[in-house]
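Whatever order the structure lists them in is the order used to number ligands and atoms, beginning at 1. The chain is numbered in sequence order, starting from 1.
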Amino acid sequence: MRTQVGIIGAGPAGLVLARLLHAAGIETVVIEARDRSYVEGRQRAGILEHGTADILRAAGAGERMDREGHRHDGIELRFDRRRHRVDFPSLTGGRSVMVYAQTEVCKDLIALRLRDGGPLLFGAEALAVEGADTGRPRVRYRHEGRERTLECAYVAGCDGFWGVARAAVPAALSRTYERAYPYGWLGVLADAPPSHDELVYARHDRGFALLSHRSPTVSRLYLQVPADTDPAAWGDTQIWDELERRCATEGGGRLTRGPLTAKSVTPLRSYVHEPMRYGRLFLAGDAAHIVPPTGAKGLNLAVGDVATLARALVAHARTGDTALLDAYSATCLRRVWQAERFSNALTALLHRHPDATPFDDRLQLAQLDRVATSRPARADLAEAYTGRPLDGVL
Ligand code: FAD
Ligand code: DHB
């Protein structure tokens with residue numbers, strides 16, 4: 001098979017890229033290792049930055065998001081049994097975020113892709129990217145029990161952290177930067193209406209907790225746990241009791257409880273691979289970088305990368321100019337490192353390190369108190385959380 005842009009992976013990065021290129025008349029083939037129901041059901045992120053929602057709209061994929069998603073104008077921080085609201089529009093000149101799950105973003109984009117008739121092969125596992133530094137890169141993949149080759153003008157490695165595309169960059173040219181955290185998130189889905197109308201980020205001596213939303217009847221909830229935790233070791237009542245304890249405030253109410261329908265543990269990791277381009281191979285999203293989930297940047301970074309890549313590929317197709325393609329890695333990495341900085345800082349602000357001393361605890365509370373009482377500190381948080389405008393991309 002032959003195409004202009006071979007896209008490995010049908011996560012948010014690969015699907016948004018395919019959609020943006022299709023709109024510009026550039027032919028793509030998407031190959032995805034897993035089946036459709038797995039990709040559509042994988043529970044992950046829930047918050048779309050202002051700019052991400054705009055990109056989905058511009059790609060013609062925002063209709064259900066605007067109907068069923070919920071605009072949130074702030075978050076609540078809880079610490080020391082107190083609550084503090086951070087109001088986004090007043091601190092950022094009108095920006096907000098959209099609560100709309102990654103599962104729904106992927107469902108919408110897959111439906112559009114199949115409607116448009118563009119090739120999207122499920123159960124097609126990329127084995128290697130070959131010839132990335134030549135004029136004719138190829139993706140070797142396995143589909144329906146047979147090994148095949150996809151010949152491309154360009155390859156987009158959108159295959160997530162565990163994919164194969166990154167391995168095509170020679171080790172001598174790769175630089176990686178990494179941090180593993182000694183804790184993870186136990187994440188659950190609950191058939192229970194959200195207890196609070198905005199997201200709650202709680203710092204507690206027993207660890208971090210987050211109350212998030214999926215719909216008016218489904219809550220998404222997280223607890224900081226040791227990195228090697230077996231989710232089955234946590235019973236439902238124990239999870240609700242722990243969430244309630246960590247989110248408790250003076251005079252505050254109880255959480256609305258309901259049956260838990262999914263339970264998993266995600267380790268927290270920071271990771272960046274540089275450069276994000278090698279020859280005609282472009283890495284995007286989790287294939288190139290990982291942030292700890294605090295602050296919900298992972299999905300948004302992935303969409304920012306592919307919006308940048310789509311613009312560069314379209315400019316090249318229309319004018320033959322390679323300037324934007326040449327700038328791709330550096331353009332993305334500036335934004336990536338800002339997200340790494342923010343995600344790391346918000347993680348450190350809200351999680352309890354297992355080796356924390358009483359001095360560390362006091363410093364953490366002093367930092368939180370500063371966010372609660374200083375407008376510039378709150379504005380800094382609000383600007384990073386809602387995301388900076390993707391200058392020139394839209
Ligand atoms: P992915 O979504 O990982 O998509 C990559 C795709 O490539 C997958 O469909 C995969 O099956 C496919 N693939 C992999 N290898 C191959 C291959 N060899 N051949 C073909 N296809 C392949 N972010 C947040 O902001 N908030 C959160 O709460 C949050 N929770 C998360 C929980 C978990 C368990 C994980 C893993 C991530 C979470 N993230 C979260 C991060 C966020 O979901 C990711 O940043 C986002 O999915 C990145 O999109 P992507 O398209 O780059 O990668
Ligand atoms: C969600 C995940 C996050 O990492 C976050 O900071 C906020 C919300 C979520 O899955 O809903």
Q: If you measure from atom 4 (O) of ligand 2 to every heavy atom of Ala296, Ser219, Pro293, which option wins on shortest distance?
A: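 That would be Pro293.
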Q: Verify, without hydrogens or angle tests, whether Arg277 (side chain) and Leu325 (backbone) share a donor-acceptor contact under 3.5 angstrom.
A: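 A pair under 3.5 Å: yes.
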Q: For ligand 1, which part of Ile31 has a heavy atom less than 4.0 Å away: the side chain, the backbone, both, or neither?
A: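 Backbone only.
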Q: So, Arg19 side chain and Ala59 main chain: donor-acceptor pair closer than 3.5 Å or not?
A: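 Side chain of Arg19 to backbone of Ala59: a pair is present.
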Q: Which residue and atom name correspond to the protein heavy atom nearest atom 24 (C) of ligand 1, and how close is it?
A: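 Atom 24 (C) of ligand 1 sits closest to the protein heavy atom Ala45 CB, 3.1 Å.
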Q: Under 4.0 Å, heavy-atom basis, I'd like to know which part of Tyr222 is in contact with ligand 1: side chain, backbone, both or neither.
A: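 Contact part for Tyr222 vs ligand 1: side chain (C-beta onward).
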Q: What do we get for Arg42 next to ligand 1 when only non-hydrogen atoms under 4.0 Å count, side chain, backbone, both or neither?
A: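 Side chain only; the backbone of Arg42 stays clear of ligand 1.
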Q: Would the His213 and His72 ring centres measure less than 6.0 Å apart?
A: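 They qualify: ring centres under 6.0 Å apart.
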Q: Pick one of side chain, backbone, both or neither for how Cys158 approaches ligand 1, counting any non-hydrogen atom pair under 4.0 Å.
A: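 The answer is the backbone.
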Q: Would you say Lys297's side chain and Gln338's backbone share a donor-acceptor pair under 3.5 angstrom?
A: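 Between the backbone of Gln338 and the side chain of Lys297 there is no qualifying donor-acceptor contact (under 3.5 Å).
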Q: Find all atoms of ligand 2 within a distance of less than 4.0 Å from any non-hydrogen atom belonging to Arg44, and give their numbers and elements.
A: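 Counting from 1, the qualifying ligand atoms are 10 (O).
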Q: Do any nitrogen or oxygen atoms of Arg214 come within less than 3.5 Å of a nitrogen or oxygen of ligand 2?
A: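 Among all N and O atoms of Arg214, at least one is under 3.5 Å from an N or O of ligand 2.
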Q: May I ask which of Tyr222, Tyr100, Tyr201 has a heavy atom nearer to atom 1 (C) of ligand 2 than the others do?
A: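 Selected option, by shortest heavy-atom distance: Tyr222.
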Q: Would you call the rings of Tyr222 and Trp185 parallel, tilted or perpendicular, where under 30° means parallel and over 60° means perpendicular?
A: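 The rings of Tyr222 and Trp185 sit tilted, inter-plane angle from 30° to 60°.
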Q: Please report the closest heavy-atom contact between Trp337 and Glu274, naming both atoms and the distance.
A: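 Between these two residues, the closest heavy atoms are NE1-OE2, 2.8 Å.
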Q: Could you tell me, atom by atom, which parts of ligand 2 come under 4.0 Å of a heavy atom of Leu199?
A: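 Here the atoms of ligand 2 in question are 7 (C), 8 (C).
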Q: Purely on distance, is any nitrogen or oxygen of Ala13 under 3.5 Å from one on ligand 1?
A: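 N/O-N/O distance below 3.5 Å exists for this pair.
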Q: From atom 19 (N) of ligand 1, work out which of Pro292, Ala126, Gly184 has a heavy atom at the shortest distance.
A: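 Checking each option, the heavy atom nearest atom 19 (N) of ligand 1 is found in Ala126.
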Q: Below 4.0 Å from ligand 1: does a non-hydrogen atom of Ala287 turn up there or not?
A: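 Contact check Ala287 vs ligand 1: negative.
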Q: Indicate, as side chain, backbone, both or neither, the part of Val99 found under 4.0 angstrom from ligand 2 when only non-hydrogen atoms are considered.
A: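 For Val99, no heavy atom sits under 4.0 Å from ligand 2.
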Q: So, taking the atom named SG in Cys158 and the one named CD1 in Ile8, what distance separates them when rounded to the nearest 0.5 Å?
A: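 Going from SG on Cys158 over to CD1 on Ile8, the span is 8.0 Å.
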Q: If I compare all heavy atoms of Ser174 with all of Val169, which pair ends up nearest, and what's the gap?
A: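 Closest approach of Ser174 to Val169: OG-CG1, 3.4 Å.
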Q: Parallel, tilted or perpendicular: which fits the ring planes of Phe161 and Tyr271, with parallel below 30° and perpendicular above 60°?
A: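 Ring orientation of Phe161 relative to Tyr271: perpendicular.
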Q: Does Asp286 approach ligand 1 within less than 4.0 angstrom via side chain, backbone, both or neither, non-hydrogen atoms only?
A: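 The answer is both.
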